[in-house]
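Structure record follows, encoded as structure tokens.
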Amino acid sequence: MSDLNAIQMILVVVVAFFAGMDGILDQFQFHQPLVACTLIGLVTGNLEICVMLGGSLQMIALGWANVGAAVAPDAALASVASAIILVLGGQQQSGISTSIAVAIPLAVAGLFLTMIVRTLAVPVVHGMDKAAESGSYRKIELLHILAVCMQGLRIALPAGALLFIPATTFRQFLESMPQWLTDGMEIGGGMVVAVGYAMVINMMSSREVWPFFILGFAIAAVTDLTLIAIGAIGIALALIYISLSKQGGSSAGGGSNGASGDPLGDILNDY
């Protein structure tokens with residue numbers, strides 16, 4: 001993998017900028033690992049490996065959520081920086097595990113950058129208050145845009161700094177890592193992915209959902225179906241469940257029509 005050309009570097013920085021902004025706006029999901037890594041792979045000509053990286057990181061980030069004052073790790077910085085390292089390292093698919101392991105501390109470092117940007121945004125808020133007192137709506141809009149752009153620069157500047165490091169430097173660094181460290185990072189990265197997915201299951205688990213988890217696990221374990229095929233089966237089961245639910249009883253606690261409150265149970269009893 002050679003150094004990126006000027007156009008590719010500009011596009012990577014643009015993607016990083018939008019990922020940083022959307023980490024606050026949360027409108028177009030540019031900050032999500034699967035989206036950010038895919039876009040970087042698209043503009044650098046490494047789409048396949050970046051999609052694989054983004055998918056793995058997305059499994060980790062599924063369990064990340066801001067709860068009150070508790071801020072989740074920075075998925076935007078982790079996604080953008082790890083994708084750049086993967087592309088410039090030139091290890092292709094074998095470098096995905098290393099990039100995943102690197103992404104975790106980067107996500108934590110992103111919290112520090114977030115704290116700096118939000119501290120710098122305090123005077124901007126006071127400026128908005130003064131603009132509101134004078135009735136200057138245009139100034140309020142400009143200050144709002146400035147504050148959001150600061151979040152974009154929070155990711156774009158580190159991404160630009162990484163791009164100025166020669167690809168040979170990344171490659172030499174990754175190749176100099178001992179095999180035991182590479183294997184350990186691969187195992188650790190796989191464990192982190194499993195933990196992230198387990199966190200999601202823990203939030204979603206219920207008596208009604210567990211059968212679908214078990215069915216999906218069994219299909220994935222005993223067949224050679226791809227994730228797309230398993231996803232298609234999941235969508236089909238969801239559509240079947242929704243269709244049967246609409247046909248079943250609609251009364252939650254039973255009603256004059258004799259419904260038990262269990263739509264699927266009512267349908268099975270009819271048979």
Side-chain angles (χ1 to χ4, degrees), residues 15 19 22 26 28-65 75-76 78-80 82-83 85-87 89 91-104 107 183 185-248 262-265 267-268 271:
V15 171
D22 212 50
D26 202 22
F28 305 102
Q29 305 303 314
F30 284 118
H31 66 294
Q32 295 293 345
L34 185 58
V35 178
C37 291
T38 299
L39 291 176
I40 291 179
L42 183 64
V43 301
T44 60
N46 295 269
L47 181 60
E48 182 177 353
I49 59 172
C50 284
V51 169
M52 296 172 66
L53 173 64
S56 299
L57 292 178
Q58 190 68 61
M59 298 297 291
I60 301 173
L62 283 175
W64 293 354
S79 306
V80 171
S82 61
I85 293 173
L86 177 63
V87 170
Q91 292 185 318
Q92 296 300 316
Q93 187 171 344
S94 61
I96 293 178
S97 58
T98 304
S99 298
I100 293 174
V102 172
I104 307 305
D183 293 341
M185 295 177 72
E186 182 176 357
I187 295 171
M191 293 175 63
V192 172
V193 173
V195 170
Y197 193 54
M199 292 173 63
V200 178
I201 294 178
N202 188 51
M203 291 186 293
M204 296 175 56
S205 62
S206 64
R207 185 176 60 181
E208 292 78 11
V209 173
W210 269 116
F212 292 97
F213 282 134
I214 296 171
L215 181 60
F217 177 81
I219 293 175
V222 303
T223 67
D224 293 328
L225 295 176
T226 63
L227 289 178
I228 296 177
I230 295 176
I233 293 175
I235 293 174
L237 290 174
L239 293 175
I240 292 173
Y241 185 87
I242 293 174
S243 177
L244 292 178
S245 297
K246 292 180 179 179
Q247 296 178 26
D262 182 3
L264 293 179
I267 294 172
L268 293 175
Y271 285 101

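Since we're looking at a predicted model, the values are computed, not measured.
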Identify every side-chain donor-acceptor pair in residues 211-238 under 3.5 Å, counting partners at least two apart or on other chains, and give the distances.
{"unit_1": "Thr223", "atom_1": "OG1", "unit_2": "Ile219", "atom_2": "O", "d": "2.3"}
{"unit_1": "Thr226", "atom_1": "OG1", "unit_2": "Ala229", "atom_2": "N", "d": "3.3"}

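- Test Val35, Leu47, Val15, Leu53 against Ile40 for side chain to side chain contact (heavy atoms under 4.5 Å, CB included) and you get one pass: Val15.
- For the side chain to side chain contact (heavy atoms under 4.5 Å, CB included) test with Ser82, the passing option among Val87, Leu57, Ile96 is Leu57; the others fail.
- Contacts of Ala76 classified as side chain to side chain contact (heavy atoms under 4.5 Å, CB included), with partners at least two apart in sequence or in another chain: Ala19, His31, Asp74, Ile155.
- Qualifying side chain to side chain contact (heavy atoms under 4.5 Å, CB included) partners for Ile49, counting only residues two or more places apart in sequence or in other chains: Asn46, Leu86, Gln92.
- In plain terms, the two heavy atoms of Ala83 and Cys37 that are nearest each other are CB-SG, 4.1 Å.
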TODO: Check step by step if side chain to side chain contact (heavy atoms under 4.5 Å, CB included) holds for Val43 and Leu39.
DONE: CA-CA 6 Å; Val43 301; Leu39 291 176; 5.7 Å; no
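- Looking only at distances, a side-chain donor or acceptor of Thr38 sits under 3.5 Å from a matching main-chain atom of Leu34.
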